[in-house]
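To start, the structure itself, in structure tokens.
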Amino acid sequence: MTIRTRFAPSPTGMLHVGNIRTALHNWVWAQAQGGEFWLRIDDTDAERSEERFVDAIRADLAWLGLTAHGEERQSARFALYEARFAALRAAGRVYPAYETAQELDLKRKIAAGRGLPPIYDRAALALSDADRARVEADGIAPHWRFKLDHDTPIVWDDLIRGPQKFDAATMSDPVIRRADGSWLYMLPSAIDDAEMGITHVVRGEDHVSNTALQLQMFAAMGVAAPAFAHEALLVGSEGKLSKRLGSLGVEHFREVGIEPAAVRALLARIGTSLPVEPLVDTAALVATFDFAKFGRAPARFDEAELAGLNAKIVHQLDFASVAERLPAGMGAAEWEAVRPNLSTVAEAADWWKVIEGPIDAVRDPADADFLAAAARHMAAMPWGADPWHALTAALKGETGRSGKALFLPLRRALTGRDHGPDMKALLPLIGRDRAAARLSTI
Ligand code: GLU
């Protein structure tokens, strides 16, 4: 059996960090099982779905490195839904209902007033053919409900939540199709999961009660249900489902210099008992992925943690993987020299400017003699493999300076900054002529 997962976003907006996490887990699990990860565009809602969001979803997944084995879209599958719908209707598992939204609202209020749960009373099931004909003659088209089987308990062993049990009698028969013929999410999703041979549905725990309903749909269609893993939701560092998280996506990550590897490494591990580690390669994330390690508590997403992880990822990136994002002329030696000081790849450009110059050298008048001595040594000494060591050793001997008093004035004069990459790596890249010019007083 081929393990097959799917990520099923509705193209009504950009992916946010919560969706991205779900997509990642589906992808990683499929990789771990040698299976397939599919993208399914849930675009049954023609009014709210937009092509630009479909394109953005594809682009975001590509940036994240979550390559799909294939893609389906629900708007191209309506014939399939019609056929299943007709069969379910013939089997008496789908029925027409005519209540308006206001009537349903009133029913719910009455139930609440009596202290009862707001469950649909199935009044439409009691209508006779003549009743229906009369209503329809008034120009009222039906919407359609799926008739739950109240006699069979709904149970499944959730890969994250463990054994789950629902009583269908405590749930409303879900509306699956609107009066205008358009589909609600529930039935098409179950049909697609069956038709696409999806073996594992990994999604947020906000879908748990949908799963209960969909399990009855699978049974009614006479098809095997996939396995389910419902993950705890993502919350912000403040412990709440913030508005900010809902708008945080790939566009923002790219803007602030976050690497796809950092997003993957963080989102694969938060909310699990595994540590968050700066893993550039997906292999380690795939090898350690285990639903049993997912907790029931919400996963906390902290942007500062992502930024920290990103720096550790950047420190590991090799030249080839960043070359096209570096300033023209910057080579492997320059990249490797500045890499340990970067939080983002883009910051390499700042250090390239420091290497290339011109820089605003920082010179303390109190260090004038010291820097003049440095310039003199630099002119005289052989420029070997480690000119920084040669320069500082000579200056130490001559001036007696050591530590900060020795190094800081040199760093300031040579780079214009107090901190930065190891001078031993940087000085050969700045080169003798530029270094000499920066040391000599003008
Ligand atoms: N389109 C649904 C959503 O975005 C898919 C849920 C599912 O994974 O079944 O919520």
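Numbering of ligands and ligand atoms starts at 1, following listing order. Note that the coordinates shown come from a computational prediction; the quantities given were computed from them, not determined experimentally.
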Q. Within a strict 4.5 Å, meaning less than it, do heavy atoms of the F146 and D173 side chains meet?
A. no

Q.
Are D422 and P340 packed together at the side-chain level, in the sense that at least one heavy-atom pair is separated by less than 4.5 angstrom?
A. no

Q.
Are Q74 and D43 packed together at the side-chain level, in the sense that at least one heavy-atom pair is separated by less than 4.5 angstrom?
A. yes

Q: Output yes when a side-chain donor or acceptor of R132 lies under 3.5 Å from a complementary backbone atom of L127, and no otherwise.
A: yes

Q. Is a salt bridge present between R4 and E195, judged by a nitrogen-to-oxygen distance below 4.0 Å?
A. no

Q: Identify which one of N26, N19, T211 satisfies the side-chain hydrogen bond (donor to acceptor under 3.5 Å, both in side chains) criterion when paired with R203.
A: T211

**Q.** Neighbour list for ligand 1 [protein residues, heavy atom under 4.0 Å]
**A.** R6, A8, S10, D42, Y185, S189, R203, H207

